[in-house]
Amino acid sequence: GNATKLTMLNASKSSLRQTLRYKAAMLAIALGTLPVVLTSSVAYTIASKTITNQIITEQTLRAQVASTGIDQFLVGRKRDVEALALNPLLSDPSLQATPQQQEAAIAAFFSTVQYFDSIIFFDVQGNPIAQATTGKKFEGNYGDRSYFQESLRSGKPTMNGPGISSSSGKLRVEFAVPVKHAQTGETIAMIRARVPGEHINFLFEGLEGTGDGWYLVNEKGSLFAGSN
């Protein structure tokens with residue numbers, strides 16, 4: 001899918017209590033990469049005869065299953081927001097929908113597709129027009145977010161995360177989707193929709209009973225979620 005590829009890393013719960021150096025080694029082994037990890041600018045070679053190919057294969061398979069599940073989930077949520085962007089009350093200026101009517105349309109979508117905790121309809125400058133949220137309403141301007149600007153520039157959906165929010169400190173993933181004029185195809189507005197971490201973590205419920213811990217990292221190698 002177009003979503004950022006993610007990798008789930010398994011480690012025994014006892015390893016979670018060891019040093020950071022040992023944790024880093026386990027990450028490399030679970031990934032099936034060359035067993036060399038850089039920590040504090042020093043290279044450490046991992047050689048353990050107690051780790052069999054069977055264990056590594058099993059861990060790699062679990063990682064692939066989890067990665068595929070998350071990728072499919074994120075692609076599905078992106079398509080949800082793209083469907084909202086086609087709503088005539090948002091995309092057809094000839095209907096002359098009021099902000100109240102647009103907010104009602106977003107609220108109806110919000111209550112039906114219950115994966116999101118915040119959906120905001122912006123003008124192209126990043127000023128909110130209408131929104132639905134489980135928390136406090138957004139106030140201010142959103143136009144300086146890089147992923148928002150990229151979606152506006154390219155005319156295509158973009159994704160921010162999954163990752164830890166700098167404002168809330170919680171796991172989340174955000175989508176920016178352009179709203180295009182129903183007749184001309186010109187981008188006339190933007191939608192930002194946020195999925196909270198609870199809807200990502202549930203994908204790992206089947207792993208919690210295995211006796212293993214797990215870590216979630218993005219394609220840049222940044223670790224941002226795990227079982228502990």
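What you see below is based on every heavy atom in this structure, not just the backbone, and it leaves out hydrogens, waters and symmetry mates. Note that the numbering runs from 1 along the sequence shown for the chain.
Within a 6.0 Å radius of CD in Gln183, more than 12 heavy atoms belonging to other residues, nucleotides or ligands are found.
Between atom CD of residue Gln101 and atom CG of residue Leu90 there is a gap of 11.0 Å, rounded to the nearest 0.5 Å. For the atom pair Ile119 CD1 and Phe109 CZ, the distance stands at 5.0 Å (nearest 0.5 Å). Considering CZ of Arg77 and CD of Gln72, their distance stands at 11.0 Å, rounded to 0.5 Å. Annotation: the span from Gln131 atom CD to Ile191 atom CD1 amounts to 12.5 Å, rounded to 0.5 Å. Put simply, CD on Gln125 and CE on Met190 are 11.5 Å apart, with the number rounded to the nearest 0.5 Å. Distance check, rounded to the nearest 0.5 Å: CZ of Arg194 to OG1 of Thr133 gives 6.0 Å.
Hydrophobic clustering of Ile, Leu, Val, Met, Phe, Trp and Tyr side chains at less than 4.5 Å, counting indirect connections, unites Leu84 with Tyr115. Neither Phe138 nor Phe116 shares a network with the other; the hydrophobic side chains, linked directly or stepwise wherever heavy atoms of I, L, V, M, F, W or Y lie under 4.5 Å apart, form separate groups for each. If you chain together hydrophobic residues whose side chains sit under 4.5 Å apart, Ile106 and Val81 fall into the same group. Under the 4.5 Å side-chain heavy-atom criterion for Ile, Leu, Val, Met, Phe, Trp and Tyr, Ile188 and Leu89 are members of distinct hydrophobic clusters. Cluster membership for Phe122 and Met159, using ILVMFWY side-chain heavy atoms within less than 4.5 angstrom, is not shared.
When every heavy atom of Ala189 is checked against every heavy atom of Val124, the shortest pair comes out as N-CG1, 3.8 Å. For the residue pair Asp117 and Phe110, the shortest heavy atom distance occurs at C-CE1, 3.7 Å. The two atoms that bring Ser151 and Pro157 nearest to each other are OG-CA, 4.0 Å, heavy atoms only. In terms of heavy atoms, Ser91 sits closest to Ala85 at CB-O, 3.6 Å. When all heavy atoms are compared, the tightest approach of Asn160 to Arg172 is ND2-NH2, 3.4 Å. Nearest heavy-atom pair, Phe73 versus His199, reported as atom, atom and distance to 0.1 Å: CZ-O, 3.3 Å.
The existence of a salt bridge linking Glu150 and Arg153 is confirmed by a sub-4.0 Å separation between a basic side-chain nitrogen and an acidic carboxylate oxygen.
Remark: Thr184 engages His181, Glu186 in a side-chain contact (heavy atoms from CB on, under 4.5 Å) (not counting sequence neighbours). For the salt bridge (charged side-chain N to carboxylate O under 4.0 Å, His left out) test, residues two or more places apart in sequence or in another chain that qualify with Lys137 are Glu103. Legend: residues meeting side-chain contact (heavy atoms from CB on, under 4.5 Å) with Ile129, ordered by chain and number and at least two apart, are Pro99, Gln102, Phe121, Asp123.
Counted by atom type alone, Ser118 and Arg192 present one or more donor-acceptor pairs between their side chains at under 3.5 Å.
The side-chain tip of Arg145 points at the ring of Tyr142 from less than 6.0 angstrom away and within 45° of straight on.
Proximity of Thr187 to Leu152: side-chain heavy atoms (C-beta onward) are separated by under 4.5 Å at one or more points.
Between the side chain of Lys180 and the backbone N or O of Gly155, at least one donor-acceptor pair lies under 3.5 Å.
Between Phe175 and Tyr147, the gap from one ring centroid to the other reaches at least 6.0 Å.
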